[in-house]
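Heads up, the thing below is written out as structure tokens.
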Amino acid sequence: MSSSIPLRHLRQLSTTAKSSITISQAKTKLRTEHDPDKALEIYTSVSEHYSSPTSSRYAQDLTVRRLAKSHRFADIEKFIESHKNDPKITQEPFLCTLIRSYGRSGMFDHAMRTFDQMDQLGTPRSSLSFNALLTACTYSKQFEKVPQLFDEIPNKHGVSPDKVSYGILIKSYCAADKPEKAIETLRLMEEKGIEITAVTFTTIFNALYKKGNGEEAENLWNEMVKKGIEVDAAAYNVKIMYVHGGNPDNVKALIEEMANAGLKPDTISYNYLMSCYCMNEMKEEAVKVYEGLEGNACNPNAATFRTLIFYLCKNEDYDKAYKIFKRSVEVHKIPDFNTMRHLVEGLVKKKKMKEAKGLIRTIKKKFPPNVLVAWKKVEEGLGLASSDRNASSVPDDEEAKEATA
DNA sequence: TTAGGGTTAG
């Protein structure tokens, strides 16, 4: 019977068994894997089963970020360059991800070189790769170079800037704290008849609000509405962001305005409302927002849990905080180190030892090893340190800060 | 499906 299975099939099976993780499993693993070597391993175990471009790009991006965090630039280069041997390199979107990855690592020179290599690689150029190059430039925080590229590249390579190219240019001006140049660019787009979307406007609102120029931001908002541009949740969230430090009624009013305009407030909108209640010592209302998320077709994100648990701890409502913490574990969104420290210290203070120990057990499973060194100190301070010896190095506060899951 | 908002600092 078994002889009916051809050998090559068996071989295939064994190969699959060795690298049998799906792209979505890889994504989940990569999110919590901070060791760059292991991240690389996860990535390669799946890259053969290239499925959706979006997923692959995301996995590649995470891998590069892990390497970049460890300053392993030679490895990043090796990793990205190896993709140039892939037959898909002649597809512009594939090459664009490489350009952006270099940008993310702060390796703009390599991004530029990859863009220049396109003729040699046989990849056609359009505004897509031009935009990838501009993005790499902003990722590398070389904002002043974006206008320069904007002047040089289109003529040199026969690509024409589109609404996205202009969007990146505007973003660069905003990032360089020059909103007036951003508005100038907006006017240029009008002259040239390039579509201006809510995205473009939102970039500028944000910059204006940040500069304390709320009035001009409001004027621009009205201009956008008058133009009949479809406003979306992200645009509203910028507005909400700049009022959420004050009276919760203002946030509520904006959320209502969104709903009336046929827009669905999202998790970010509700997070602002919840934070605003927290800051105004309105605990019940804050919890109500959290509990109402699902009914509003929203899922709590890491920030939701972090903010709410922190404020509940501040109010010494450790029972509620612990309950919500358990939910955050279920959905793999455990808050950061400091929030967890407040919670465990509070639980011990209230003699909730069972809960404190439960929390510690979970943390040990979920936090990356480098953070566990600092966590050990917390346990010791509480007299809860377990017997295993682990004081191998000095706790690093910077590492602890990055313990967000 | 490449540009925008949130990952506050408590």
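First the proteins, then the strands, lettered A, B, ... as listed; each starts at 1.
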- Would A:K323 and A:D319 pass as an ion pair if we require N to O under 4.0 Å? no
- Identify whether any heavy atom of A:T307 sits under 4.0 Å from a base atom; if not, whether one sits that close to sugar-phosphate; answer base, sugar-phosphate or nothing. base
- Task: Look at all strands and tell whether A:T138 reaches a base, only sugar-phosphate, or nothing, counting heavy atoms closer than 4.0 Å.
- Result: nothing
- Report which part of the nucleic acid A:K163 touches: base, sugar-phosphate, or nothing (heavy-atom distance under 4.0 Å, all strands). base
- For DNA chain B, the residues among residues 209-229 of chain A that have a non-hydrogen atom under 4.0 Å from it: none
- Item | Base B:dA3 paired with A:T197 side chain (donor-acceptor, <3.5 Å) | yes
- Item | Rounded distance in Å - CG (A:N315) to C1' (B:dG10) | 12 Å
- Query: Charged N to carboxylate O under 4.0 angstrom, A:R327 versus A:E330?
  - Reply: yes
- Task: Tell me, with the steps shown, if A:K288 and A:Y277 meet side-chain contact (heavy atoms from CB on, under 4.5 Å).
- Result: CA-CA 10 Å; A:K288 233 179 262 169; A:Y277 281 135; over 6 Å; no
- Query: What nucleotide among B:dG6, B:dA3, B:dT7 has an atom nearest to a side-chain atom of A:T135?
  - Reply: B:dA3
- Query: B:dT2, B:dG10, B:dG4: which one has an atom nearest the side-chain heavy atoms of A:F310?
  - Reply: B:dG10
- Note on the structure: Taken to the nearest whole Å, CZ/A:F205 to C1'/B:dG4 is 10 Å
- Item | Length of the CG-C1' vector between A:L312 and B:dG10, whole Å | 13 Å
May I have the list of side-chain donor-acceptor pairs in residues 225-233 of chain A shorter than 3.5 Å, sequence neighbours left out?
residue: A:K227; atom: NZ; partner: A:E190; partner atom: OE2; Å: 2.1
residue: A:K227; atom: NZ; partner: A:E223; partner atom: OE2; Å: 3.2
residue: A:D232; atom: OD1; partner: A:A234; partner atom: N; Å: 3.4
residue: A:D232; atom: OD1; partner: A:A235; partner atom: N; Å: 3.1

- Message: Students often get this wrong, so: under 4.0 angstrom with heavy atoms, is A:Y272 touching a base, only sugar-phosphate, or nothing?
- Response: sugar-phosphate
- NZ/NE/NH1/NH2 to OD/OE distance under 4.0 Å, A:E316 and A:K350: yes
- Would you tell me if any nitrogen or oxygen in the side chain of A:Y139 comes within less than 4.0 Å of OP1 or OP2 on B:dA3? yes
- Indicate, yes or no, whether a donor-acceptor pair under 3.5 Å links the base of B:dG4 to the side chain of A:T203. no
- Message: Quick one about A:Y242 and A:N206 (side-chain donor to acceptor, distance below 3.5 Å, no hydrogens or angles considered), yes or no?
- Response: yes
- Task: Indicate yes or no for a side-chain donor-acceptor contact from A:T200 to the backbone of A:I196 under 3.5 Å, with no hydrogens or angles considered.
- Result: no
- Length of the CG-C1' vector between A:N338 and B:dA9, whole Å: 10 Å
- To the nearest Å, give me how far apart CZ (A:R100) and P (B:dT2) are. 8 Å
- Whole-Å distance separating the CG atom of A:D317 from the P atom of B:dG10: 22 Å
- Query: Over how many whole Å does the gap from A:L169 atom CG to B:dG4 atom P extend?
  - Reply: 13 Å
- Task: For A:N206, report the nucleic acid contact type (base, sugar-phosphate, nothing); a contact means any heavy atom under 4.0 Å.
- Result: sugar-phosphate
- What's the CD1-P distance between A:I240 and B:dG4, to the nearest Å? 19 Å
- Query: What nucleotide among B:dG6, B:dA9, B:dA3 has an atom nearest to a side-chain atom of A:R306?
  - Reply: B:dA9
- Message: Ring centres within less than 5.5 Å and planes less than 30° apart: is that true of A:Y311 and B:dG10 in this structure?
- Response: no
- Reckon A:T267 touches a base, only the sugar-phosphate, or nothing at all at heavy-atom distances under 4.0 Å? nothing
- Task: Before giving the answer on side-chain contact (heavy atoms from CB on, under 4.5 Å), spell out for A:L95 and A:H83 the whole-Å C-alpha distance, their side-chain angles and the decisive distance to 0.1 Å.
- Result: CA-CA 9 Å; A:L95 184 137; A:H83 288 78; over 6 Å; no
- Nucleotide nearest A:V199 when distance is taken to its side chain, options B:dT2, B:dG6, B:dA3: B:dA3
- Task: For A:Y173, answer base if it contacts any base atom (sugar-phosphate contacts may also be present), sugar-phosphate if it contacts only those atoms, and nothing otherwise; contact means non-hydrogen atoms under 4.0 Å.
- Result: nothing
- Message: Less than 4.5 Å apart, side chain to side chain, heavy atoms only: is that true for A:H110 and A:I80?
- Response: no
- Item | Options B:dG4, B:dG10, B:dT2, nucleotide nearest the side-chain atoms of A:D232 | B:dG4
